[in-house]
**Q** 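If you scroll down you'll find the structure; I have some questions about it.
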Amino acid sequence: MFWLSLCFCLTVYRFDYKPKKVKVELDKKAKKRKYEYGDDEDEEDVKHKKKSKDKKAAEGKKAKKEGEDKWKWWEEERYTDGSKWRFLEHKGPVFAPAYEPLPEKVKFYYNGKPMKLSAPAEEVATFFAKMLDHEYTTKDIFRKNFYKDWRKEMTSEEKSIITDLKKCDFSEMNEYFKAQSEARKQMSKEEKQKIKEENERLLSEYGFCIMDNHRERIGNFRIEPPGLFRGRGDHPKMGMLKRRIRPEDVIINCSKDSKHPKPPPGTKWKEVRHDNKVTWLASWTENIQGSIKYIMLNPSSRIKGEKDWQKYETARRLKKCVDRIRTQYREDWKSKEMRIRQRAVALYFIDKLALRAGNEKEEGETADTVGCCSLRVEHIKLFPKMDEQEYVVEFDFLGKDSIRYYNKIPVEKRVFKNLQLFLENKQPEDDLFDRLNTSILNKHLQELMDGLTAKVFRTYNASITLQQQLKELTCCDDSIPAKLLSYNRANRAVAILCNHQRAPPKTFEKSMQNLQTKVKAVEVKRKAVQRIEEQLMKLQMQATDREENKQIALGTSKLNYLDPRISVAWCKKWGVPIEKIYNKTQREKFAWAIDMAEKEF
DNA sequence: TGCAAGACTTGTCACTAAACTC
DNA sequence: GAGTTTAGTGACAAGTCTTGCA
């Protein structure tokens, strides 16, 4: 609750960090770490120190290597003609392995009697059997959709016998798969190593492409295997069969003068095209929603990095004109035209509450979720007075991924009056903003600032919140663990603002308990060794961090909303190693920012 | 001009490799 | 060194926004 109220008190907007190009001196940092430990050295300490020293030295070396021989695409000129590349060569996607029929001894039972299924019907049955322990298989829609699609794979004889899903017994198949997974865990070191090596071979062969003279990592080079569709929330299509993708379904995109990828023997591609106005390497149409899926590059690639950088630059440009935009929409609350009032109130919510735009969705095709423009009357309640506060709006709706957004927020009188007006003579299922949609809103935003769309507000407000919170929470005398707690608290404020929730981890209670036990155990030894004192502090920070993080997902905001230069600058200013904030993958993604940022932003 | 298709970003979750503990 | 915990990663669903066409 504290964080919830905190984030809505975030009314101070600053966004004044500036990128500067400075080399990251990771090797120096590694040297400095040597002096981080206390003076008293008993035998245990010496051992511990040596271990730590070796580890840190190795980390330092690794970090140094990471910094070296990396291509600094951000120092090069960008294409200005709308093309994304000049040369693109890759080996095509990796297909899902062919179906392996079940051993004879593993049986499917119908109405208590064993029944041998044809290969296509058996394969689909295994998809269901694998999910037997999951809640999905108890849901009516899931079962109905699965059964309908499963029947399509059956022979006419099978169809005539299998007429009721309730009479199907998949338990033996389920046990077989569990045993297989158990056997995988019990494999010897050598066997595991062999699999690892095979995966690495596959990665080096298919996981990279050549784009404009550089070897770039591909994000997802494996085609999604067949299975049962797991929609989120109350998805009307959950349980439907996601069919197997064959080379004949796949469009390859590469440059004309490259060595074209070869389809698997005896097959051919749907098409090979050479479109350098797009970034994808391969695509296919999936059968559930009929949408296109793509194979694209990893976030560390130039093509993704440039776009990411550009996104934060747009957010930064918004900083310069956000006051003007705010003045304008406040003015528009008074407009004579309903459409302008609606637009202004919606924009106020997007800005203040970091709501998503809310595109229209096809009814019955997906779960019933909404964003700002698609809010319905039933999603808000108005309270002229509530707990000492005036003009309170209560929001309660399912947003992206069917995550509930619930919030009570006092608004300005004029907004409140407008909302009352919008609700007049409407039914609960009617649109709150019936004169507005995302394209109208974005068209308007585009007129206010070049490149401005609704989602820029989310990026902008997330970054500005991080910056302001870091400033407020960081004390220069704090230890590194304390500073890291401050960082995570600032990150958390952003996650709360953006409503990034997660289900509490299944092992949360247990691990929390363990952590508390450890804290207690360490407390007893406190006076004995200084090193243990440090450990205690670290654990305490970790415990607080985890407790506060119980239902908050930090990753998304860190990866997608927070201008990395703020974090890098903070690390530099307070001497916090960048590795404590960003892991290797994230450091690769944000290499451009790490290279640019200085102590002051 | 409106709408559907296409392209790309954002988001959560499950699996697994690595780190930690005993 | 085995068992346990944690962090990192990949999978893939679900959004946003742009583009192209009737």
Side-chain angles (χ1 to χ4, degrees), chain A residues 51 55 82 84 96 131 134 181 184-185 189 192 195-196 199 203 207 218-225 227 229-233 235 237-238 242 251 253 275 277-280 283 285-286 288-294 296-299 303-304 307-308 310-311 350 356-362 365-367 369-374 398-403 437-443 445-446 451-456 458-459 462 495 498-503 505-508 510-512 514-515 517-518 521 535 539 542 546 553-561 582-586:
Chain A
K51 226 173 153 181
K55 198 178 141 197
K84 305 288 166 60
M131 292 177 73
H134 205 289
S181 125
R184 260 197 305 276
K185 277 184 208 154
K189 249 187 182 170
K192 282 185 182 168
I195 293 175
K196 200 178 168 190
N199 281 335
L203 174 70
I218 298 170
N220 55 327
F221 59 93
R222 286 167 204 273
I223 291 216
E224 294 172 22
F229 175 73
R230 304 175 176 211
R232 294 170 194 159
H235 201 295
K237 296 192 171 183
M238 64 166 78
K242 229 172 77 169
I251 301 174
N253 193 30
D275 182 0
K277 295 279 192 274
V278 295
T279 65
W280 53 268
S283 73
T285 304
E286 55 91 27
I288 306 288
Q289 332 259 10
S291 64
I292 307 170
K293 298 247 178 174
Y294 302 93
M296 290 186 186
L297 295 195
N298 185 275
I303 220 159
K304 293 287 182 190
K307 208 66 193 301
D308 211 29
Q310 204 178 53
K311 171 182 75 183
I350 285 170
R356 293 186 187 85
N359 281 319
E360 284 150 290
K361 297 168 75 185
E362 223 175 307
E365 288 293 299
T366 54
T369 61
V370 297
C372 186
C373 294
S374 51
L398 296 181
K400 182 175 175 180
D401 291 324
S402 293
I403 299 282
N437 62 36
T438 51
S439 68
I440 294 174
L441 179 66
N442 281 338
K443 207 171 271 175
L445 292 175
Q446 187 63 40
L452 185 61
T453 61
K455 86 185 182 90
V456 180
R458 227 165 127 81
T459 311
C498 295
N499 199 39
H500 291 149
Q501 296 187 37
R502 66 170 181 184
K506 283 169 197 141
T507 52
F508 179 82
K510 201 178 156 221
S511 72
M512 197 63 208
N514 288 350
L515 210 51
T517 314
K518 282 178 201 168
Q535 207 180 335
L539 287 168
Q542 226 179 318
R546 192 169 309 164
L554 300 183
T556 302
S557 52
K558 196 191 261 186
L559 228 51
N560 299 305
Y561 285 105
Y582 290 130
N583 63 34
K584 184 169 171 277
T585 313
Q586 291 165 342

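Naming convention: chains lettered A, B, ... in sequence-line order (proteins, then strands); numbering from 1 in each chain.
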**Q** Using a heavy-atom cut-off of under 4.0 Å over every strand shown, decide if A:Lys443 touches base, sugar-phosphate, or nothing.
**A** nothing
**Q** Just by distance, with hydrogens left out, do A:Thr453 and A:Gln446 show a side-chain donor and acceptor under 3.5 Å apart?
**A** no
**Q** Nearest-Å distance, CD1 (A:Ile218) to C1' (C:dA11)?
**A** 16 Å
**Q** Would you classify A:Pro299 as touching base, sugar-phosphate or nothing, given that sugar-phosphate means primed atoms plus P, OP1 and OP2, and contacts are heavy atoms under 4.0 Å?
**A** nothing
**Q** Base, sugar-phosphate, or nothing for A:Lys455, non-hydrogen atoms under 4.0 angstrom?
**A** sugar-phosphate
**Q** Is A:Thr585 close enough to C:dT9 that one of its side-chain N or O atoms is under 4.0 Å from OP1 or OP2 there?
**A** yes
**Q** Nearest whole angstrom, please: distance from the P of B:dC8 to the OH of A:Tyr294.
**A** 7 Å
**Q** Any side-chain N or O of A:Arg232 under 4.0 Å from OP1/OP2 of B:dC13?
**A** no
**Q** Within the structure, does a side-chain N or O atom of A:Asn583 lie under 4.0 Å from either OP1 or OP2 of C:dT9?
**A** yes
**Q** Please report the distance, rounded to the nearest Å, between NZ in A:Lys277 and C1' in C:dG20.
**A** 15 Å
**Q** For A:Asp308, answer base if it contacts any base atom (sugar-phosphate contacts may also be present), sugar-phosphate if it contacts only those atoms, and nothing otherwise; contact means non-hydrogen atoms under 4.0 Å.
**A** nothing
**Q** Are A:Lys293 and A:Thr285 close enough that a side-chain donor and a side-chain acceptor fall under 3.5 Å?
**A** no
**Q** Is a donor-acceptor contact shorter than 3.5 angstrom present between the side chain of A:Lys400 and the base of B:dT10?
**A** yes
**Q** Which part of the nucleic acid, if any, lies within reach of A:Gly231 when heavy atoms closer than 4.0 Å are counted: base, sugar-phosphate only, or nothing?
**A** sugar-phosphate
